Amino acid sequence: MTTTELAKSFEPHTLEQSIYASWERSGYFEPSGIGDGYCIVIPPPNVTGSLHMGHAFQDTIMDALVRYHRMQGCNTLWQPGTDHAGIATQMVVERQLEREGLTRHDLGREAFIERIWQWKKESGGTISRQLRRMGTSLAWSRERFTMDEDLSSAVREVFVRLYEEDLIYRGKRLVNWDPILHTAVSDLEVVSEEESGHLWHIRYPLMSGEGYVVVATTRPETLLGDAAVAVHPEDPRYHALIGQAVELPLTGREIPIVADDYVDREFGTGCLKITPAHDFNDYEVGQRHGLPLINVLDHSAAIDLPTSPYHGLDRYIAREKIVSDLETQGLIEKIDEHRMMVPRGDRSNAVVEPYLTDQWFVRAAPLAAPAIRAVEDGRIRFVPDNWQRTYFEWMRNIQDWCISRQLWWGHRIPAWYDHEGNFFVARTEEEATAQARAHHGHDTTLHQDEDVLDTWFSSALWPFSTLGWPEQTASLKALYPTNVLVTGFDIIFFWVARMIMFGIKFTGEVPFHDVYVHGLVRDADGQKMSKSKGNVLDPLDLIDGIELEELVKTRTSGLMQPQMAQQIEKTTRRQFPDGIASYGTDALRFTFASLATQGRDIRFDFGRIEGFRNFCNKLWNATRFVIINTEGHDPGTQQATDLDSPERWILARLNSVTGEVIASTEQYRLDLVCQTLHSFVWDEYCSWYLEIAKIRLANEPNEDRAQAVRQTLLSVLETALRLLHPLMPFITEALWQRITPLTGLTGPTIMTQPFPATDALRENQDAVADLDWVKAVVSAVRNIRGEMDIEPRKRIPILLQSENSADISRIEQYQDLISELARTKPLAMSTPDDATPECATALVDTLRVMVPLGSLIDRDAELARLKKELKRLETERSKCEGKLANRQFIERAPDVVVVKEKNRLEQTVNAIDELIQQRQRVEGLLG
RNA sequence: AGGCGCGUAGCUCAGCGGUAGAGCACUUGCUCGACACGCAAGUGGUCGGUGGUUCGAUCCCACUCGCGCCUACCA
């Protein structure tokens with residue numbers, strides 16, 4: 001035995017990290033520079049964030065694709081990097097400051113930004129460390145960050161060009177305003193959910209002095225900014241009032257009653273107050289009727305009317321006060337309970353306020369048109385393809401994109417203002433100064449726009465900015481357009497659509513050819529994983545394992561809502577009473593890959609990961625077996641030409657499996673790849689071929705033939721390792737390196753070995769048919785043994801009977817194999833004429849497999865077994881007969897199907913006859 | 001209000017026009033020299049419901065019931 005004997009079981013943590021380090025050190029992750037380009041850009045995670053299950057899942061898919069193509073000989077780049085996550089990161093650092101009793105304004109912009117860079121430096125390594133633990137083959141030397149200087153200059157370049165083409169404009173518009181974060185957010189960053197509220201019916205007295213109209217509103221405090229009351233032009237109830245005026249309560253202002261068919265006559269009173277500065281619809285109505293925009297809120301959503309008694313009150317406090325004042329004046333007609341959609345900021349959870357401010361916008365429609373075309377004409381393909389509907393739906397109704405954010409952390413907008421309010425958009429301050437000089441005829445002082453760009457603006461450039469754009473770099477030429485974007489459906493709008501628009505606009509080409517849209521990882525109950533729910537799993541906890549107490553601690557610390565801690569602790573203890581076992585990276589990756597189906601929800605199932613950890617161990621031990629049986633024999637993999645059928649069979653199977661793996665990978669069906677490889681390795685290679693090899697190596701006197709078995713053991717294993725490598729990189733590397741010396745192959749790593757290819761010469765129908773038959777015969781004996789409760793170790797006598805010459809020659813050829821696999825005494829042939837003892841019988845097509853009853857077998861058990869088998873056959877027969885009795889079937893079904901059905905019936909009927917006779921014989925025995 | 005997805009074995013999921021599959025769980029045996037993270041043999045499904053197309057439907061179509069998601073301006 002050698003000193004490098006494998007451990008008895010697979011222990012992932014002993015090898016993963018050193019293997020990864022050696023890959024990285026050797027530069028295997030970097031593009032080779034040879035072959036067709038294959039490029040994936042990683043969806044950049046938040047630089048200060050950490051890896052969650054969704055990332056881990058997505059990264060598994062990308063790494064599998066990348067490793068596969070690298071082995072296929074492509075010039076492969078998986079581009080790593082992170083984004084600056086404007087709002088999220090700024091919030092985190094502001095919260096840190098809060099603990100010190102400071103705000104960002106106390107520090108000032110420069111110091112605050114410095115502080116964020118500091119935080120990035122401290123926490124920024126987390127995510128790349130975690131990615132490394134996942135085994136990702138990212139080209140780390142090319143790692144990018146959206147705020148790197150070159151990427152920032154790409155951002156400015158894009159901004160300026162869009163501005164120059166009038167595709168970016170600045171304007172005072174209603175935007176979604178987050179009154180806690182004090183910034184505009186885009187419509188995508190607003191999540192509306194139904195909440196309960198009230199519908200207040202308020203009387204607005206008519207100026208004529210005769211009565212009042214009643215308006216219904218969910219937001220009485222905005223009354224202060226009303227500019228009109230609107231009714232439907234064809235509403236007979238209010239027809240006479242159109243053109244009249246009402247007195248706006250609490251303000252004494254006079255506002256008109258206008259007619260607009262936006263009003264829904266059925267809703268509320270059919271009479272609507274119009275607040276153009278605080279509601280998107282009212283804004284439109286206001287535009288149509290030339291109404292003034294009356295802003296009544298400040299940037300924290302408190303009332304901003306210095307002359308009013310409500311000045312300075314928060315919107316909800318003001319609401320209460322206004323309602324009570326109205327009540328005092330008898331102006332509240334009624335208050336109804338009301339369910340309504342409430343828009344909240346996805347980060348702050350604050351109720352978002354439509355708010356009138358100066359912002360920068362991207363004119364989206366002209367950019368969308370070519371982006372729509374790219375998908376329509378197939379230059380970009382969604383996988384699964386129904387996601388293109390979602391894409392089209394949004395793109396065809398696209399709204400202008402508000403890109404300015406009132407934050408400090410991000411790409412500052414490259415626009416400079418003079419004191420007159422003119423602004424100059426330029427790549428640099430010098431250029432802006434020059435523009436200003438040209439404008440004014442002399443130098444003026446300028447100051448840069450305070451706002452930064454939406455993080456998604458820079459993300460939209462990611463596929464080409466990371467490759468060096470706007471420089472025409474070699475990487476850009478070789479690797480752009482990238483091949484596939486792997487992403488979740490939740491960011492199709494945020495990111496995918498915008499990359500397509502900007503990619504086409506600035507490179508003239510699509511940014512990627514395929515968009516592979518995967519599902520979202522959920523917990524075992526189907527719940528979305530989130531820190532606040534306390535159901536997150538850290539991929540590293542699955543890799544390394546975690547004690548229950550530790551898990552409870554991480555799940556309950558740092559909560560936004562500390563009152564949830566108890567509940568979270570309880571469910572955690574219930575769900576993971578023993579903590580989480582250590583499964584290793586390969587098992588985790590294989591699990592993710594197996595879950596990469598076409599669906600939307602991916603429930604993480606611990607049964608799966610445990611099963612795949614066992615699979616790793618199986619592979620490990622199969623390798624041990626192969627090593628033990630080949631070491632010292634120098635078999636090589638140079639396959640002998642004259643192989644016996646078990647070898648021809650397993651090689652043929654390997655060949656089909658290779659074809660299936662390639663096809664499934666190309667279709668992004670990694671779940672099928674898993675299934676195929678799992679069942680090949682476990683059910684065919686280990687359960688059958690290894691067992692056959694044991695027998696042959698023990699009994700084979702011919703050394704050449706024994707060597708052929710050893711070669712086959714090795715070469716099938718070696719090939720299987722390469723097939724598995726994209727999914728399970730660590731164990732396959734470890735085992736491959738271990739067996740390489742035995743195979744005579746050389747090469748420093750499995751990573752850069754060629755991916756297996758199919759070879760028509762390996763196909764072998766005859767060997768496959770023969771081995772299927774051998775397996776069926778062995779299974780028949782094992783079935784009798786199992787059902788009869790015969791000791792597994794005990795050799796039993798069996799008789800074989802057949803008139804079929806194929807059966808007879810197969811028996812001749814495989815008798816030793818069958819007898820060993822089924823643990824029988826030497827096979828005995830008999831003819832139907834022979835007087836046969838009473839037997840337990842099973843049929844393999846035309847072959848009768850019989851185990852003499854004797855003392856071994858229980859007569860009742862055999863009768864029960866026969867009964868069960870007969871029942872199965874009889875249902876089958878009646879199905880067949882039913883079909884064949886149908887004239888339509890005979891006439892219309894394809895001939896092959898009809899013939900098949902006839903054969904099936906014949907076989908079934910024969911089998912039934914056989915078994916009935918057998919039953920009679922057994923019944924004839926006296927019990 | 002529109003759009004989409006899902007409903008297959010106890011659980012998690014494949015299959016999607018010609019004999020219902022996998023993993024886990026379950027039952028019964030096994031300290032056989034690779035592996036108990038294992039071996040062998042089993043149990044378990046009117047493929048959500050109703051109708052239609054078809055010689056034939058888990059698969060295609062229509063309707064329907066449940067669950068979920070995404071878009072949308074009903075105050």
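By convention in this document, chain letters (A, B, ...) are assigned in the order of the sequence lines, proteins followed by strands, and residues within each chain are numbered from 1. Please read these numbers as outputs of a predicted model, since none were measured by experiment.
Distances shorter than 4.0 Å separate some side-chain N or O of A:Arg669 from OP1 or OP2 on B:G15. Taking 4.0 angstrom as the limit, A:Asn614 places a side-chain polar atom (N or O) nearer than this to OP1 or OP2 of B:G38. Distances shown here put a side-chain N or O of A:Lys868 below 4.0 Å from the OP1 or OP2 atom of B:U43. Between A:Lys902 and B:U19 there is no side-chain N or O to OP1 or OP2 distance below 4.0 Å. Contact annotation: A:Thr597 side-chain N/O to B:A14 OP1/OP2 distance is under 4.0 Å. Within the structure, every side-chain polar atom (N or O) of A:His338 is placed at least 4.0 Å from both OP1 and OP2 of B:C74. In this structure, A:Trp394 does not reach the B:G2 phosphate: none of its side-chain N or O atoms is under 4.0 Å from OP1 or OP2. Note on A:Arg608: every side-chain N or O is 4.0 Å or more away from OP1 and OP2 of B:G23. At the phosphate of B:A34, neither OP1 nor OP2 sits under 4.0 Å from any side-chain N or O atom of A:Lys618.
Defined by atom type and a distance below 3.5 Å, a donor-acceptor pair is present between the side-chain atoms of A:Ser186 and A:Glu189. Using a 3.5 Å distance cut-off with no hydrogens or angles, the side chains of A:Arg389 and A:Asn386 do not pair a donor with an acceptor. A:Tyr204 and A:Asp226 are linked by a side-chain donor-acceptor pair at a separation below 3.5 angstrom, with hydrogens and angles left out of the test. Residues A:Asp261 and A:His232 have side chains that never bring a donor and an acceptor to within less than 3.5 angstrom of each other.
Heavy atoms of A:Asn886 sit under 4.0 angstrom from primed sugar atoms or phosphate atoms, though from no base atom. Note on A:Gly584: nothing from the nucleic acid sits closer than 4.0 angstrom, heavy atoms only. At a threshold of 4.0 angstrom between heavy atoms, the contacts of A:Arg603 are confined to the sugar-phosphate backbone, with no base atom among them.
The distance between the ring centers of A:Phe382 and A:Trp387 does not fall below 6.0 angstrom. With ring centers used as reference points, A:Phe606 lies under 6.0 Å from A:Phe604.
Interatomic distance, NZ of A:Lys334 versus NE2 of A:His198, reported as 13.5 Å (0.5 Å rounding).
Taking atom C1' on both B:C35 and B:G44, the two are 28 Å apart, rounded to the nearest angstrom. When the C1' atom is used for both B:A14 and B:C47, the distance is 13 Å, rounded to whole Å.
Only A:Pro894, A:Val897, listed by number, bring a heavy atom of residues 894-901 of chain A to less than 4.0 angstrom from any atom of RNA chain B.
As the counterpart of B:U54, no nucleotide is assigned, since no Watson-Crick or G-U wobble pattern has both distances under 3.5 Å. Remark: B:C67 base-pairs with B:G5; criterion is Watson-Crick or G-U wobble with both hydrogen-bond distances under 3.5 Å.
If you check distances only, the side chain of A:Arg904 does reach the base of B:U19 with a donor-acceptor pair under 3.5 Å. At a cut-off of 3.5 angstrom, the base of B:C4 holds no donor-acceptor pair with the side chain of A:Arg389. For a distance-only test at 3.5 Å, the side chain of A:Glu691 qualifies as a donor-acceptor partner of the base of B:A34.
A:Phe489 carries A:Arg600 over the face of its six-membered ring, with the cationic atom under 6.0 Å from the centre and within 45° of the normal.
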